[in-house]
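Input: a single structure, listed below in structure tokens.
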Number of protein chains: 2
Amino acid sequence: MPARKKPESPAPRPASGRAATINDIARLSGVSKKTVSRIINHSPLVRKDTREKVEALMREVGYVPDPMARGLAFRRSFLIGMVYDNPTAQYIVNMQYGALDALRDSGFELVVHPCDSRSPGYIDGVRRFVQQQKLHGVMLVPRASEDQALADMLAEIGVRYTRIASVSMDEPSRMVVTHDRNGAAEAAEYLLSLGHTDIALITGPSAYRSAIERTDGFVEALAQRGIELPKARIIEAGYTFESGVVAAEKLLSGKNRPTAIFTGNDEMAAGVYKVALRAGISIPRQLSVVGFDDSPLASRLWPSLTSVRRNTRDTGRIAAAMLIQPEGGAPALAAASIRPHLVIRDSSQPPE
Amino acid sequence: MPARKKPESPAPRPASGRAATINDIARLSGVSKKTVSRIINHSPLVRKDTREKVEALMREVGYVPDPMARGLAFRRSFLIGMVYDNPTAQYIVNMQYGALDALRDSGFELVVHPCDSRSPGYIDGVRRFVQQQKLHGVMLVPRASEDQALADMLAEIGVRYTRIASVSMDEPSRMVVTHDRNGAAEAAEYLLSLGHTDIALITGPSAYRSAIERTDGFVEALAQRGIELPKARIIEAGYTFESGVVAAEKLLSGKNRPTAIFTGNDEMAAGVYKVALRAGISIPRQLSVVGFDDSPLASRLWPSLTSVRRNTRDTGRIAAAMLIQPEGGAPALAAASIRPHLVIRDSSQPPE
DNA sequence: CTGAAAGCGCTTACAG
DNA sequence: CTGAAAGCGCTTACAG
């Protein structure tokens, strides 16, 4: 017995109150639903006039294909996941804005998935998230992006992903590289150009690749100009305000103070401010401070903080755009890349 | 002609490499797929032993229903949208964390949708987002949540939503009220208890309901103790750092300075800090400052800022939880509600 | 309490 | 370049 057909509607428009479906478009334009499907999916196997006729009708009735129906048939959703364990709110929000810039009007949506990369089951949590939602692709944000086991798991289950990191650590087509090293080098060259020679460095935790890159970039740029940073002038902290305070206390307590401090992020620079203000050390007259991130904090502090700006929104946009471009698209010869640059404000001047 | 059936698999387990489906569960547990469906949807119309047998099998094979297939059949997705136009990163991120707290292991996911409530087509943008994705529900975050036209549109297209706002402005079952008025009143009482009588107020823009509530709460609490704030002691600013700077310059330039300033948020308090530090006015010795939000900025400033804390994460959790609880659940008699409270730090002391 | 049939709105595999 | 049939993995409507 053949499947029962709904009675053919004589109306030229789909019943109001109900969104148009592929069947409405097919019936109203006099082609098969398969042809409509080809047009939805930009198949070249459609005659130009057929395509234009159908597309005009789609626009007229405001037809948009149902992502769940498409997803069910494709066995893949139209969702992009953003996986992150970074605690810096502005960084996360900027990354989201960037991703949404790329997804706007694409039919894809952004699903957020914060996680804790130190908790043991977190990779399984991401796996369930990706598999249950049949995600189209996943953006990996530092520091989660630096976890090779996470990337391996995603490759194994066959989902597309992009990794955002300070250096390349995967196939170019999966990388967005932020070149933190260059930003730190620019900070070093700037402090040297002001005439500083007794410089200190407060680094992020060495478990973060970004911290290593920023440290190396800074130290090497100084070395190239003949300045070797003594061990006592390099303090590893935790990327947090509190850890910046502790590190600054070490650097600023004795008489033998550096004339400039570069910190691995703005949070720790704020810690330096606290210690300096409390001790009556004037910024920038007695101490120049340069941070990294150019977070909102940098301009809220007084004096406003010279800092290395990262184009986080662009980074997010590129990482998402790579995920939704057709597989056969122009292959990225080199990894996508974003470069930081120094923003000079009021916390730095030549040493007195 | 009957539809061709796939050959019955003799294997007791679904083919490996492929996730189990409702058909696998039905076949392996010897019930119909409709019964499995009832169990998935927590229907009471299933015998206890049947339910337990099937649930055990589901756990064993790690079966999770496909959200796209369910969504297609239900004509509604398992996505919760979060709509916001608030520029404060920490606030947004906390709201997201809270929403995800409620959605964890529920099968729902969070889709973010920032927007610009001043741009003309933004309500249509939200409508397309909600209708195309067939969202299960929408969380409205201030200031977007205060737009009655937005809420009306959502009601008209029949989607569930919750509104987060400083006062109730909708049916209780749709409101999460944050009582900003109470927090501001607590700040006023605190400053009075320290002995301040010459107090100034920097408010947010009166187009924001939160700004009105905070202002009224503060002014009324002072009035109840017999302190009337002169007009010149109240300055409307824009909730931004820069606007806080401008307002503080007016308040702190003459000789007739207030001994305490309350600001409608922490951003503007940072503006007060900048002006005071630049002018050599000591906080808290010569000027007490109290902010609102208890953002990360509050503890990064020096001296650390006394501020009214909002439980934004809890707010987000409740707003999301209301959207996914069954329609017939215990009706909320009163709107869900969250109360702010003052966190005392180093920016406030009795006047000298 | 349980099940067989039809359908949600798309795409794939095949045929022409 | 185009189309009819079957299927993606669920639920609804109906029957028992």
Side-chain angles (χ1 to χ4, degrees), chain A residues 1-7 14-15 18-54 58 61 63-78 107 131-134 136, chain B residues 1-7 14-15 18-54 58 61 63-78 107 131-134 136:
Chain A
M1 190 163 51
R4 177 163 59 86
K5 282 284 177 63
K6 282 182 297 184
R18 196 187 114 244
T21 71
I22 195 172
N23 290 307
D24 297 316
I25 299 298
R27 181 170 40 78
L28 293 174
S29 56
V31 302
S32 74
K33 59 198 280 193
K34 178 57 203 161
T35 296
V36 179
S37 173
R38 285 196 180 90
I39 290 167
I40 292 170
N41 292 293
H42 305 104
S43 159
L45 303 177
V46 180
R47 254 185 21 225
K48 186 150 171 281
D49 56 340
T50 306
R51 171 186 307 280
E52 283 167 358
K53 180 180 66 178
V54 175
M58 288 176 169
V61 305
Y63 169 73
V64 179
D66 182 323
M68 288 186 292
R70 288 231 286 167
L72 180 59
F74 271 135
R75 292 160 192 77
R76 191 155 77 166
S77 75
F78 290 85
Q131 289 189 317
Q132 288 175 16
Q133 301 299 322
K134 294 198 170 73
H136 182 270
Chain B
M1 190 162 54
R4 178 163 56 87
K5 282 282 177 63
K6 282 183 299 183
R18 199 189 112 243
T21 72
I22 196 173
N23 289 307
D24 297 316
I25 300 296
R27 181 169 40 77
L28 292 174
S29 55
V31 302
S32 74
K33 59 199 278 197
K34 178 56 203 163
T35 296
V36 178
S37 174
R38 287 199 179 87
I39 290 168
I40 291 170
N41 293 292
H42 304 104
S43 160
L45 303 176
V46 180
R47 254 187 19 227
K48 186 152 172 279
D49 57 339
T50 307
R51 172 186 306 282
E52 283 167 358
K53 179 179 67 179
V54 175
M58 287 176 169
V61 305
Y63 170 73
V64 179
D66 183 321
M68 288 186 292
R70 289 230 289 166
L72 179 60
F74 271 135
R75 292 160 193 76
R76 190 155 77 166
S77 75
F78 289 84
Q131 289 190 317
Q132 288 175 17
Q133 301 300 321
K134 294 198 170 72
H136 182 271

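Lettering follows sequence order; numbering is per chain, from 1. FYI, side chains are in, hydrogens and waters are out, and symmetry mates aren't considered; it's all heavy atoms of this structure.
Nearest heavy-atom pair across A:Ala19 and A:Asp24 is O-OD2, 4.1 Å. Nearest heavy atoms, B:Tyr63 versus B:Thr21: CE1-C, 3.6 Å. Taking all atoms of both residues into account, the shortest heavy-atom contact from A:Arg75 to A:Lys134 is O-CD, 3.3 Å. The two atoms that bring B:Ile39 and B:Arg51 nearest to each other are CD1-CA, 3.8 Å, heavy atoms only.
The side chain of A:Ala73 lies closest to C:dG9, out of C:dG9, D:dG9, D:dT2. With C:dT11, D:dT11, D:dC10 as the choices, the nucleotide that has an atom nearest any side-chain atom of B:Thr21 turns out to be D:dC10. Closest to the side chain of B:Tyr63, out of D:dG3, D:dC10, C:dT2, is D:dC10. Nearest to the side-chain atoms of A:Ser32 among the listed nucleotides C:dT2, D:dG3, C:dC10 stands D:dG3. The listed nucleotides are C:dC10, D:dG3, D:dG9; the one nearest the side chain of A:Asp66 is C:dC10. Among D:dC10, C:dG9, D:dG3, the nucleotide with an atom closest to any side-chain atom of A:Lys34 is D:dG3. Of the listed nucleotides (D:dC1, C:dG3, D:dT11), D:dC1 has the atom at the smallest distance from the side chain of A:Arg47. With C:dT11, D:dT2, C:dG9 as the choices, the nucleotide that has an atom nearest any side-chain atom of A:Arg38 turns out to be D:dT2. Distance from the side chain of A:Leu45 is smallest to D:dT2 among D:dT11, C:dC1, D:dT2.
Using a 4.0 Å heavy-atom distance criterion, B:Pro44 is classed as a sugar-phosphate-only contact.
Here C:dA13 sits opposite no nucleotide as a Watson-Crick or G-U wobble pair (both hydrogen-bonding atom distances under 3.5 Å). Nucleotide C:dA4 has no partner under the Watson-Crick or G-U criteria, as no pair reaches both atom distances under 3.5 Å.
Protein atom CZ of A:Arg76 is 18 Å distant from nucleotide atom C1' of D:dG9, rounded to whole Å. Rounded to an integer number of Å, the gap from B:Ile22 CD1 to D:dG7 P is 18 Å. Note: CD (B:Gln132) to P (C:dG9) measures 15 Å, nearest angstrom. In this structure, the CG atom of B:Leu72 is 12 Å from the P atom of D:dT12, given to the nearest Å. In this entry the distance linking CZ of B:Phe74 with P of D:dG9 reads 17 Å, nearest Å. Here the C1' atom of nucleotide C:dG3 and the CG atom of B:Asn23 are 13 Å apart, to the nearest Å. For A:Lys134 and D:dG9, the NZ to P distance is 7 Å, given to the nearest whole Å. Look at CZ on B:Arg75: it is 14 Å from C1' on D:dG9, rounded to the nearest Å.
A residue-by-residue look at B:Thr35 and A:Arg70 shows that B:Thr35 has its nearest nucleotide of DNA chain C further toward the 5' end.
OP1 or OP2 of C:dT11 sits under 4.0 Å from a side-chain N or O of A:Ser37. In terms of phosphate contacts, B:Thr50 brings no side-chain nitrogen or oxygen within less than 4.0 Å of OP1 or OP2 of C:dC1. Taking side-chain N and O atoms only, B:Asn41 has a distance below 4.0 Å to OP1 or OP2 of D:dT11.
When each of A:Ile22, A:Val36, A:Val64 is checked for a side chain to side chain contact (heavy atoms under 4.5 Å, CB included) with A:Met58, only A:Val36 meets the rule.
Separating the CE atom in B:Met68 from the CZ atom in B:Phe78 is a distance of 12.0 Å, to the nearest 0.5 Å.
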